[in-house]
Amino acid sequence: MTQQPTNLDNKAVFEQLWEITKELRQKLEARFELNPDPSVEDLQQYSSLDGNINGSLSAFSGTEIDWLVHSWLGNPEKSKFSTMRLTTWLASHIQVPHLAFEFGTLPNADILFYIDYIPRTELLTDLAYLDRYYEPVNQAFLQLQEDARLKAFTSKSVYVRLFQSPVNFCYTGAPTSDTLEITRAVAHETLERWLTWINTAEPISEDSRTTLAIRDLLLRRTAAERDPGNKFAAQLFGTQLTDKLIRSLWGGDRIIRNA
């Protein structure tokens with residue numbers, strides 16, 4: 001008889017989710033040149049107005065990476081809510097999708113994970129791009145939907161649903177060792193597939209790079225500014241700090257400019 005997985009305490013869940021992001025970042029650091037941007041030095045450690053919620057945000061860039069954010073927010077010892085992200089926005093030398101990881105714990109103690117390839121073109125009309133990067137992931141998407149240990153998470157935000165790709169992995173689940181292992185396995189598989197795409201990608205023309213860079217920045221800024229959590233963050237941290245956190249997500253204050 002199979003033993004049922006036991007629920008883990010919130011601090012243990014938080015630490016294991018954060019550890020997954022560190023594993024992923026180590027793989028990224030092994031592959032890419034990443035330079036920390038000084039604009040977020042004062043966000044390495046910050047707190048809410050009442051001191052009950054803490055956070056940390058780091059941002060990097062390099063010759064192949066335009067902007068990478070690694071952050072967490074919460075207080076696992078006092079609150080069941082937490083969120084963390086590792087988002088990699090590529091430079092415009094290639095057109096491989098960007099890569100997004102977001103993990104967290106919800107007020108009901110469930111785990112949430114969102115893992116996705118962010119399109120860099122219009123999938124409805126660029127069918128070659130759809131077939132190259134999204135059709136191969138469709139089977140994994142369908143298989144995960146059948147996993148009884150997970151529940152598909154649907155955002156209430158129209159923009160968030162539009163932002164997500166058609167093969168995004170966005171689920172909640174009980175805080176068990178099983179769910180954490182699913183999260184880890186899907187995350188690493190997603191990253192390894194993405195690295196393979198990058199290693200085999202063809203450079204795009206200089207003219208195309210300019211257009212792509214403009215689109216990338218607009219998408220990154222819009223996604224940060226229209227995040228439904230911003231209203232909640234403003235209540236916790238005040239408008240000034242929240243605005244800085246939002247700008248840091250898209251690089252609005254960045255100091256290092258890539259060539």
### Task
For the residue pair Ser47 and Asn54, confirm or rule out a side-chain donor-acceptor distance under 3.5 Å.
yes
### Query
When you look at Arg85 and Tyr114, which way does the side chain to side chain donor-acceptor pair (under 3.5 Å) test go after all the steps?
CA-CA 9 Å; Arg85 70 178 73 200; Tyr114 166 60; over 6 Å; no
### Message
Looking at Arg226, I want to see if its CZ is surrounded by more than 12 non-hydrogen atoms of other residues, nucleotides or ligands under 6.0 Å.
### Response
no
### Task
Indicate the atoms forming the closest heavy-atom contact of Leu90 with Val96, along with that distance.
CD1-O, 3.4 Å
### Backbone of Ile111 reached by a side-chain donor or acceptor of Thr172 within 3.5 Å
no
### Query
Does the side-chain contact (heavy atoms from CB on, under 4.5 Å) test come out yes or no for Asp216 and Leu212, once each step is laid out?
CA-CA 6 Å; Asp216 284 345; Leu212 183 59; 3.8 Å; yes
### Message
I'd like to know if the side chain of Ser82 and the backbone of Gly74 have a donor-acceptor N/O pair within less than 3.5 Å.
### Response
no
### Task
Give the intermediate values and the outcome of ring pair (Phe, Tyr, Trp, His ring centres under 6.0 Å) for residues Phe113 and Tyr171.
CA-CA 6 Å; Phe113 67 84; Tyr171 293 90; 5.8 Å; yes
### Task
Decide salt bridge (Lys or Arg N to Asp or Glu O under 4.0 Å) for Lys27 and Glu23; before the verdict, give the C-alpha distance in whole Å, the side-chain angles of both, and the deciding distance to 0.1 Å.
CA-CA 7 Å; Lys27 288 186 176 181; Glu23 294 168 4; over 6 Å; no
### Query
Taking the six-membered ring for Trp, are Trp72 and Phe14 parallel (under 30°), tilted (30 to 60°) or perpendicular (over 60°)?
perpendicular
### Task
Give a yes or no answer on whether the side chain of Ser48 reaches the backbone of Asn52 with a donor-acceptor pair at less than 3.5 Å.
yes
### Presence of salt bridge, Glu19 and Arg184, under 4.0 angstrom
no
### Task
Classify the side-chain pair Asp42/Gln44 by whether it contains a donor and acceptor separated by less than 3.5 Å.
no
### Task
Hey, could you give me each pair passing ring pair (Phe, Tyr, Trp, His ring centres under 6.0 Å) that has a residue in residues 201-222? Not counting sequence neighbours.
none
### Query
For the residue pair Trp194 and His98, is the inter-centroid distance of their aromatic rings smaller than 6.0 Å?
no
### Task
Identify the heavy atoms of Val186 and Ile115 that sit nearest to each other, and give their distance.
CG1-CD1, 3.8 Å
### Task
For Gln45, look at atom CD and say whether over 12 heavy atoms of other residues, nucleotides or ligands are found less than 6.0 Å away.
no
### Query
Which atom names give the shortest non-hydrogen contact between Asn230 and Ala224, and what distance separates them?
ND2-O, 2.9 Å
### Query
Does the side chain of Pro97 reach to within under 4.5 Å of the side chain of Ile118, using non-hydrogen atoms?
no
#### Entry: N/O donor-acceptor pair under 3.5 Å between Tyr46 side chain and Phe237 backbone
no
### Summary
Given the options Val69, Leu68, Leu191, Thr88 meets side-chain contact (heavy atoms from CB on, under 4.5 Å) only with Leu68
### Summary
residues 131-170 vs ring pair (Phe, Tyr, Trp, His ring centres under 6.0 Å), sequence neighbours excluded, gives Tyr129-Tyr133, Tyr133-Trp197
### Query
Within 45 degrees of the axis of the six-membered ring of Trp89 and under 6.0 Å from its centre: does Arg220 put its NZ or CZ there?
yes
### Query
Taking atom types as modelled, is there a side-chain donor on Lys22 or His70 under 3.5 Å from an acceptor on the other?
no
### Query
Does the side chain of Thr176 pick up a donor-acceptor pair with the side chain of Thr179 at under 3.5 Å?
yes
### Task
Decide side-chain contact (heavy atoms from CB on, under 4.5 Å) for Trp250 and Arg247; before the verdict, give the C-alpha distance in whole Å, the side-chain angles of both, and the deciding distance to 0.1 Å.
CA-CA 5 Å; Trp250 65 270; Arg247 291 196 307 273; 4.2 Å; yes
### Any side-chain donor near an acceptor of the partner, Ser208 and Thr211, under 3.5 Å
no
### Task
Using modelled atom types only, decide if a donor and an acceptor are shared between the side chain of Asp147 and the backbone of Leu144 within a distance under 3.5 Å.
no
### Nearest atoms (heavy-atom pairs only) where Gln164 meets Cys170
NE2-SG, 3.8 Å
### Message
Show the nearest heavy-atom pair for residues Arg132 and Thr200, with the distance to one decimal.
### Response
NH2-O, 3.8 Å
## Note on the structure
Correct closest heavy-atom pair for Arg254 and Ser39 would be CA-OG, 3.7 Å
### Query
Counting heavy atoms not belonging to Glu192, are there more than 12 under 6.0 Å from its CD?
yes
### Message
Tell me if a side-chain donor or acceptor on Ser79 pairs with a main-chain N or O of Pro76 at a distance below 3.5 Å.
### Response
no
### Query
Is it the case that one hydrophobic cluster holds both Leu17 and Leu28, taking links as side-chain heavy atoms less than 4.5 Å apart, direct or via other members?
yes
### Message
Applying side-chain contact (heavy atoms from CB on, under 4.5 Å), can you list everything that pairs with Pro36, at least two apart in sequence or on another chain?
### Response
Phe60
### Query
Would you say Ser155's side chain and Val160's backbone share a donor-acceptor pair under 3.5 angstrom?
no
